[in-house]
Amino acid sequence: SESLGYVTPGAAVYVYGMEPGTGRAYVEYDGLRGHIWSKYLEKYYGPPEAPTVTVEQAEYVQNEDVTVRWSTPENTEQYKLRVFRGGELYLETGTYFLGEEMYQEAVVGMNTSYTLETLPGGLYEVQVLACNRSGYSDAGIVKFTVRDTYTVTYDPNSGSGAPEAQTQVI
């Protein structure tokens with residue numbers, strides 16, 4: 001790769017690789033890609049730490065909205081959200097970087113929460129990854145359950161006095 005030489009102090013430099021044992025960093029700076037000696041970098045920004053992920057409760061009822069919130073690790077540029085239902089991928093969103101490549105999907109961006117609307121019953125695991133051009137974090141994970149519901153209706157059998165319909169949680 002081409003040597004970029006001098007980098008303006010305090011400038012945004014994205015490190016996408018290091019050459020082991022040489023001190024050479026492969027960077028993107030001011031629209032250029034190349035290498036620079038890592039001693040000239042003020043700070044190496046590797047992938048962010050994993051965010052802490054939370055929901056308000058451990059159990060929800062079918063079709064109830066679930067808001068997922070997460071912390072903001074330093075040097076994060078975007079977030080990626082994955083939702084698993086019963087161990088299978090149910091939803092995936094976010095813009096993320098992997099090495100030099102940027103992958104675009106439905107954007108969570110820099111938001112620190114996401115509302116999952118009208119979820120069907122099941123066991124859920126939500127993973128949030130913090131991302132920057134150096135890579136992405138381990139996933140912050142939260143688990144919760146959505147209980148199914150059913151409605152019981154009563155037939156007065158041509159009579160009167162049957163109780164009102166009742167919704168039950170399984």
Stepwise salt bridge (charged side-chain N to carboxylate O under 4.0 Å, His left out) test for R69 and E56: CA-CA 9 Å; R69 300 181 196 291; E56 293 177 4; 3.7 Å; yes
Any non-hydrogen side-chain atom of [X] less than 4.5 Å from a side-chain atom of [Y]?
X    : Y    : result
V68  : V83  : no
Y79  : P73  : yes
E64  : V66  : no
T54  : V142 : no
L129 : R82  : yes

Residues V55, Y60; criterion side-chain contact (heavy atoms from CB on, under 4.5 Å); working and verdict: CA-CA 10 Å; V55 291; Y60 294 86; 3.6 Å; yes
Can a donor-acceptor pair be found, under 3.5 Å and without considering hydrogens, that links the side chain of [X] to the backbone of [Y]?
X    : Y    : value
T52  : S71  : no
W70  : N111 : yes
E125 : F84  : no

From CZ (R147) to CG (L119), nearest 0.5 Å: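 Here the rounded value is 14.0 Å.
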Spacing of CG belonging to N63 relative to OG1 belonging to T118, to within rounding of 0.5 Å: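 Those atoms lie 5.5 Å apart.
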Determine the minimum heavy-atom distance between [X] and [Y], stating which atoms define it.
X    : Y    : answer
I141 : V53  : N-CG2, 4.0 Å
L116 : L91  : CD2-CD2, 3.6 Å
S137 : P48  : CB-O, 3.1 Å
A139 : Q127 : CB-CB, 3.8 Å
D148 : P120 : OD1-C, 4.5 Å

Y90 and Y124 aromatic ring geometry - parallel, tilted or perpendicular at 30°/60° bounds: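 Correct class here is perpendicular.
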More than 12 heavy atoms from other groups under 6.0 Å of CD on Q62: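 Atom CD in Q62 is packed in, count exceeds 12.
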Residues, nucleotides or ligands: over 12 heavy atoms within 6.0 Å of Q57 CD: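 Yes, because the 6.0 Å sphere around CD of Q57 holds more than 12 heavy atoms from other groups.
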Joint cluster assignment, Y150 & Y154, ILVMFWY side-chain distance < 4.5 Å: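 Same cluster: Y150 reaches Y154 through Ile, Leu, Val, Met, Phe, Trp or Tyr contacts under 4.5 Å.
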salt_bridge(K80, E92) N-O dist < 4.0 Å: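 Salt bridge: yes.
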